[in-house]
Amino acid sequence: MDDGNFGHGEYTGEGKALFWLALRTGCLTLLTLGIYRFWGKTRIRRYIWSAARLEGSRFEYTGTGLEKFLGFLLAVVFLAVYLGLIQILLFWFGMTIFAEPQSPEQALAQGAGFSLSAVALLPFIFFAIYRARRYKMARTRWRGIRFGMEKAAWGYALRALGYWALTLLSLGLLTPLMTFRLEKYMADRSWFGTARFVQEGRWTALYGCMRQIFVALALLACGGLSIALGKVVLAVLLLPVGAVWLVIGVISYRVQSFAYLSRHKMLGRKVAFHAHPRTQTVIGTYVLGALLLGLGLSVATGVFGGIVAFALSGLDFETTGPGFQPGMIPPVLITAAGYLMTLIAARAGALALITQPILKHYVTTLTVINLTALADIRQRAADTGADAEGFADALDIGGAI
Amino acid sequence: MQGAAHLYDGRSAARHAVEVALSREQQALVITGDGLEAPLVWPLQDLRELHDHADDDQLILTRHLETEDESLRDTARLVVEDPEMVAWLRRTRPRLTRRDLREGTWRRVALRAGGALAAVLLMIFVILPALAGTLSRLIPVEKEIAFGRGVKAQIERVFGATEAGALDCSAPEGVAALERMVTRLTEGQEIGYPLEVSVIDHKMMNAFAVPGGHIVVMRGLLEGAGDPDMVAAVLAHEIGHVVHRDPTRNALRTAGSVGLLGLLFGDFTGGAATVLLAERMISASYSQDAEAEADAFAFDMLRGAGLPPSALGDMFERFREEYGDVDGPMAHFASHPRLTDRIAAAGAASSGDSPHRPALSTDAWRALQDICDNQVNTRDAD
């Protein structure tokens with residue numbers, strides 16, 4: 001298993017167990033009109049964290065649903081006032097400044113004005129991203145020792161706004177700079193016990209990870225050129241291939257940039273890492289998982305739909321007049337319940353068939369070098385984490401887990 | 001009962017192989033090992049396990065302890081893999097799965113939840129409506145009219161118009177009759193907007209007002225009304241909406257509260273449905289108030305023009321015959337108060353049936369009812 005000084009990541013989570021856990025928590029969430037979702041997410045994290053293992057010791061997630069719920073309530077108080085005011089003011093500005101749109105472009109501008117509220121939220125979104133990662137770190141332990149991250153969320157938000165602006169201005173060419181610098185900001189403030197993480201490496205090396213994106217862009221450019229030159233057949237071949245290649249390129253960038261950044265992290269100046277995730281495994285898992293999910297869902301809805309239709313076939317649907325009739329309630333409720341159950345099952349299935357296998361791949365391709373140095377690391381103080389990623393919950397950031 | 005296990009002492013990232021045994025009084029676990037300075041004694045009633053563990057063969061124990069941590073737990077962890085010990089612990093330690101809450105937790109939850117609820121309710125029922133009212137008064141009239149034109153175009157599209165104004169009815173005598181009715185109603189009154197009333201060719205029995213003083217009546221209403229007084233009553237009601245700036249205020253308030261509701265209920269399956277439901281309920285309570293006030297305005301306007309307020313009640317009777325009334329729990333979601341209540345209010349506002357000059361002469365009334373006869377295109381089959 002471990003070669004003395006090397007430790008490979010292991011992952012023992014099962015799809016079936018995770019699926020049923022996610023299904024149970026999803027149903028409870030629906031029944032409580034969403035309040036249970038904090039506890040549900042916590043339980044799923046506890047399962048996933050404890051499925052990962054290094055040198056025989058499993059990771060532990062110590063967050064609680066109650067914390068998450070209280071953090072969310074705190075975020076609501078702030079954001080309710082901020083969001084409500086911003087939305088109404090922006091709508092009013094939209095009405096007063098823009099006259100009736102005389103052309104599609106003006107109508108577009110008016111629509112954009114109304115959606116400016118998204119921009120007003122951007123600083124909070126970046127703030128929430130840092131806080132969410134900080135909370136997850138602060139509530140992760142290995143061999144009883146806490147991870148942690150320093151309090152620097154607004155610094156991150158400021159830098160993220162700046163680097164995003166740079167990236168947009170450079171039409172995406174400066175993306176590696178943004179990826180590297182933002183990850184370095186977070187990594188340099190991360191700790192395991194008394195040992196600090198450091199992100200080393202150079203941001204220009206990330207251009208190598210963008211290889212597939214450049215190929216895709218070249219294909220698309222050739223496609224555009226062939227349209228200009230009148231060679232439509234060539235364009236019909238090049239453009240779709242280029243589009244799909246672009247999607248693959250983006251995924252490849254994310255996977256390989258994670259690998260590069262992980263390989264160049266150091267812990268406590270003594271522990272190093274190696275990572276070799278493969279893009280094709282990630283994409284393959286995603287595609288296969290999506291296919292299986294689609295298959296499973298169509299079978300399930302077909303079976304249940306048939307049962308429900310059979311059960312309802314005996315009921316009399318004659319409505320005695322226009323408007324709402326009490327007799328409409330059972331079929332409406334059953335349809336709504338069936339639709340929602342399908343959504344819940346889809347989410348649980350995606351977690352079990354797509355998210356977990358991909359996570360497993362990342363974990364099992366990670367290696368920790370110089371394990372003996374880990375034993376010298378001491379405990380770090382607890383982090384209260386006032387908002388417990390409540391802003392991330394309120395703003396719907398945070399991904400599947 | 002004794003066996004081997006592993007201990008993480010919570011002070012360093014070292015893994016200690018230990019021996020676990022019961023104490024002499026059988027009241028505690030005694031943990032001994034080479035890496036430990038002194039044996040650890042964990043009282044049996046303080047033992048707790050980690051929940052939602054991915055490994056069924058493993059039991060990770062810790063100790064209940066009053067700490068400042070996120071949970072009331074010791075930082076040390078005892079990893080038990082000996083199947084007999086795991087079975088024994090599970091069988092004899094019912095407190096293993098207990099979740100201990102810090103003292104005062106319920107109070108903290110109640111405080112925060114109460115605070116969040118108060119903030120949201122304050123926003124939705126006090127701040128946003130007040131802001132909507134103030135802001136609606138600050139919009140220049142021309143801008144509001146322009147906005148209303150956009151809204152009318154959108155609504156027309158819903159009713160099948162291919163372009164703005166395509167469904168407008170424009171028979172000259174009908175238009176003149178309509179203008180005469182509006183003048184009768186608004187004579188001597190300060191409306192504050194250049195009122196514009198038009199008829200669109202659709203069979204629905206309805207009328208509505210858009211921001212900026214534009215009122216739209218549908219052909220179905222002209223056909224369903226028994227006499228011109230009823231049409232005048234509906235017009236007076238819609239003019240009430242215009243004067244109170246209801247359409248604009250509602251648009252502003254909705255813009256504010258939809259974002260807020262999405263915040264609260266987003267991000268879970270069924271969240272979108274909950275947001276819609278909540279938004280319906282909130283709109284319903286506002287618009288019911290607005291409708292009642294528009295009714296009151298209509299009564300005053302009708303009286304001022306020498307017409308009976310009961311005409312509005314008569315129109316509601318027609319609505320009730322055609323569409324039925326909304327009763328029971330659905331009444332909370334309806335945008336209008338119950339027709340029965342509105343008919344009663346109209347009856348109370350009328351002071352007996354005194355003879356009056358009808359809103360339009362017989363000829364003018366016929367001209368109004370035929371206002372859409374010039375339309376050749378989008379007349380839909382009845």
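Note on naming: letters A, B, ... go to the chains in the order of the sequence lines (proteins, then strands), and numbering restarts at 1 for each one.
Interatomic distance, CH2 of A/Trp49 versus CG of B/Asp52, reported as 13.0 Å (0.5 Å rounding).
Contact count against chain A (heavy-atom pairs under 4.5 Å) is highest for B/Leu131 among B/Val120, B/Thr248, B/Leu131. If you tally non-hydrogen atom pairs under 4.5 Å between each of A/Thr62, A/Leu374, A/Leu21 and chain B, the highest count goes to A/Thr62. In terms of heavy-atom pairs under 4.5 Å with chain A, the best-connected choice from B/Glu142, B/Gln58, B/Arg73, B/Glu68 is B/Gln58. For the options A/Val81, A/Thr12, A/Ile48, A/Leu18, heavy-atom pairs under 4.5 Å to chain B are most numerous at A/Val81. The candidate from A/Ala138, A/Gly144, A/Ala375 with the greatest count of non-hydrogen atom pairs under 4.5 Å with chain B is A/Ala375. Among B/Ala116, B/Ser12, B/Ser71, the residue making the largest number of heavy-atom pairs under 4.5 Å with chain A is B/Ser12. Put simply, of B/Leu122, B/Thr75, B/Thr105, B/Leu101, the one with the most heavy-atom pairs under 4.5 Å next to chain A is B/Thr75. Counting heavy-atom pairs under 4.5 Å between each of A/Ala52, A/Ala346, A/Ala80 and chain B puts A/Ala80 at the top.
A side-chain donor-acceptor contact under 3.5 Å links A/Ser50 to the backbone of B/Ala54. Side-chain atoms of A/Gln379 come within 3.5 Å of backbone N or O of B/Gly10 as a donor-acceptor pair. Of the possible polar contacts, none joining the B/Arg112 side chain to the A/Leu73 backbone as a donor-acceptor pair under 3.5 Å is found.
At a 4.5 Å heavy-atom cutoff, B/Leu117 makes no contact with chain A through either its backbone or its side chain. For A/Ala51, the parts lying near chain B are the backbone and the side chain together; criterion is any non-hydrogen pair under 4.5 Å. Neither the backbone nor the side chain of A/Glu14 comes within less than 4.5 Å of any heavy atom of chain B. Interface remark: A/Phe78 contributes no atoms to any contact with chain B (heavy atom separation under 4.5 Å). For chain B, the nearby part of A/Leu66 is the side chain; its heavy atoms alone come within less than 4.5 Å. For chain A, no part of B/Ala118 is nearby; none of its heavy atoms comes within less than 4.5 Å. There is no contact between A/Ile35 and chain B, counting heavy-atom distances below 4.5 Å. For A/Thr64, the part lying under 4.5 angstrom from a heavy atom of chain B is the side chain only. Neither the backbone nor the side chain of B/Ala76 comes within less than 4.5 Å of any heavy atom in chain A. Contact annotation for A/Arg380: neither backbone nor side-chain heavy atoms come within less than 4.5 Å of a heavy atom of chain B.
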Does the side-chain contact (heavy atoms from CB on, under 4.5 Å) test come out yes or no for B/Tyr8 and A/Ile145, once each step is laid out?
CA-CA 9 Å; B/Tyr8 309 133; A/Ile145 303 299; over 6 Å; no
| message | Set out, in order, the CA-CA distance, both residues' side-chain angles and the distance that settles salt bridge (Lys or Arg N to Asp or Glu O under 4.0 Å) for B/Asp69 and A/Arg146, then state yes or no. | response | CA-CA 11 Å; B/Asp69 264 4; A/Arg146 296 186 186 92; 2.8 Å; yes
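Put simply, the side chain of B/His53 does not reach to within 4.5 Å of the side chain of A/Arg46, judged on heavy atoms. At least one side-chain heavy atom of B/Arg15 sits less than 4.5 Å from a side-chain heavy atom of A/Ser57. At least one side-chain heavy atom of B/Arg77 sits less than 4.5 Å from a side-chain heavy atom of A/Glu60.
Ion pair A/Arg143/B/Asp9 not flagged as a salt bridge, since none of the NZ, NE, NH1 or NH2 atoms sits closer than 4.0 Å to an Asp/Glu carboxylate oxygen. Looking at B/Glu70 and A/Arg141, a side-chain N of the basic residue comes within less than 4.0 Å of a carboxylate O on the acidic one, giving a salt bridge.
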